[in-house]
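Note that the coordinates shown come from a computational prediction; the quantities given were computed from them, not determined experimentally. No hydrogens, no waters, no symmetry mates; every other heavy atom, side chains included, goes into these values. Order of listing sets the numbers, starting from 1, for every ligand and every atom in it.
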Amino acid sequence: MPTHTATAISNPNIAFIKYWGNRNNALRLPVNGSISMNLDGLFTRTSVSFQPSLAFDELIINTHDVMGKGLERVSAILDIVRENAGLTWKAEVVSENNFPTGAGIASSAAAFAALAMAAAQAAGLNWSEAAISRLARLGSGSAARSVPTGFVEWKMGTSDNDCYAVSIAPPEHWSLADCVTVVNAGHKTTGSTEGHALASTSPLQASRVADAPRRLDICRSAIFNRDFDALAAVIEHDSDIMHAVMMTSQPALFYWKPATLSVMETVREWRKGGMPVAYTIDAGPNVHVICLQEIAANVADTLRALPGVANVLVATPGKSARLVS
Ligand code: DP6
């Protein structure tokens, strides 16, 4: 008899080749594959407990009760698990992040990866990593990539069944660091889910998507060969193209702040001077400055001193989502 309770931990991830736009919004089937690195040191810990006495699913994030859209998104994942396990009990979900909420660091990837793993285990489902990644994807696309370890590729697949993420290299493969440069602690105006739905309104999206297999190949090879210059060139280019799509959507999405641009400029200058650093930016104003671990402490200190920079968190390649006792 399973206990109907389980706890999982998962790291967020930073995309090197970005996911932007779905061919099916409900199933989160992306229009292109993506590649990312899990971020050690930052994590979400989520416990799921199915209980016969509960009338509704309950969600507590960082000690606060969550209702409305946030709860609905979690219940949709729990429904899939219940259906597969033949379970009718509602669940209590308790989740905590160790990184500051509202700091502008995307938490949905780590949150849905940990939720998928804990919920499947609590319901007694003995699912493969691929099946957990697919389930996490339904909650948040990028969460599919927080399930496998280290450096990860999410294949676009042909349907719901083969659309999941796999590890392409373990965390110890390459000593990279992500100096997460927080320039604005305010909440973003347009969330990723709404943004994905707007991607196809940009005339640039079709060419971004058509060229994605080429960028994925370059990025994958750069990781395999630990070729920083090749990685730097392709991740900055991929991030710039995604933001060009965002800025030319209808309505237009401008995520950058003045400090975002000055950090980008500083990073480009540093690289011209021979430093192994590169930037990439998600759906917000913060800049992820990717560098070799040996210079990460110096890079982070220098970034902290720049005007408009509120905080810098340093993360190294992280492991897979995992169950904890
Ligand atoms: C810009 O995975 O947050 O960070 O599936 O709607 O939850 P939903 O979107 P989400 O989108 C991530 C967008 C991105 C790029 C990336 O992580 O690949």
Consider ligand 1: state whether an atom of it lies below 4.0 angstrom from any non-hydrogen atom of Arg145. yes
Is there a polar contact, in the sense of an N or O pair closer than 3.5 Å, between Gly141 and ligand 1? yes
Here's a test for you: under side-chain hydrogen bond (donor to acceptor under 3.5 Å, both in side chains), which of Glu236, Lys18, His288 qualifies with Thr280? Lys18
I need the atoms of ligand 1 closer than 4.0 Å to a non-hydrogen atom of Ser142, numbered in the order shown. 2 (O), 3 (O), 10 (P), 17 (O)
Ligand 1 to Met242, heavy atom cutoff 4.0 Å, flagged ligand atoms 1 (C)
Shortest non-hydrogen separation from Leu54 to Ser49 and the atoms involved: CD1-O, 4.4 Å
So is Tyr19 polar-close to ligand 1, meaning N/O to N/O under 3.5 Å? yes
Using the ring pair (Phe, Tyr, Trp, His ring centres under 6.0 Å) rule, pick out the option among Tyr279, Phe254, Trp256 that qualifies with His243. Trp256
May I ask whether Glu194 has any heavy atom positioned less than 4.0 angstrom from an atom of ligand 1? no
Ligand-residue contact atoms, ligand 1 with Ser108, heavy atoms, under 4.0 Å: 3 (O)
Answer with yes or no whether Ala283 contacts ligand 1, where contact means a heavy atom under 4.0 Å from a ligand atom. yes
Select one of side chain, backbone, both or neither to describe which atoms of Ala15 lie under 4.0 Å from any atom of ligand 1, heavy atoms only. side chain
Under 4.0 Å from one or more heavy atoms of Ser140, ligand 1 contributes atoms 2 (O), 3 (O), 5 (O), 7 (O), 8 (P), 10 (P)
Under 4.0 Å from a heavy atom of Thr193: which atoms of ligand 1 are those, numbered in the order shown and with their elements? 6 (O), 7 (O), 8 (P)
Please report whether the ring centroid of Trp154 lies less than 6.0 Å from that of Tyr164. no
Is the centre of the Tyr19 ring less than 6.0 Å from the centre of the His196 ring? yes
Please work out, at 4.0 Å between heavy atoms, whether the side chain, the backbone, both, or neither of Arg73 comes within that distance of ligand 1. side chain
May I have the list of side-chain donor-acceptor pairs in residues 67-79 shorter than 3.5 Å, sequence neighbours left out?
from  : atom 1 : to     : atom 2 : distance (Å)
Arg73 : NE     : Gly139 : O      : 2.9
Arg73 : NH2    : Gly139 : O      : 3.0
Ser75 : OG     : Asp57  : OD2    : 2.8
Ser75 : OG     : Leu71  : O      : 3.4
Asp79 : OD1    : Arg82  : NH2    : 2.8

Restricting to pairs with a member in residues 289-303, which pass side chain to side chain donor-acceptor pair (under 3.5 Å), not counting sequence neighbours? Asp301-Arg304
salt_bridge(Asp162, Arg134) N-O dist < 4.0 Å: no
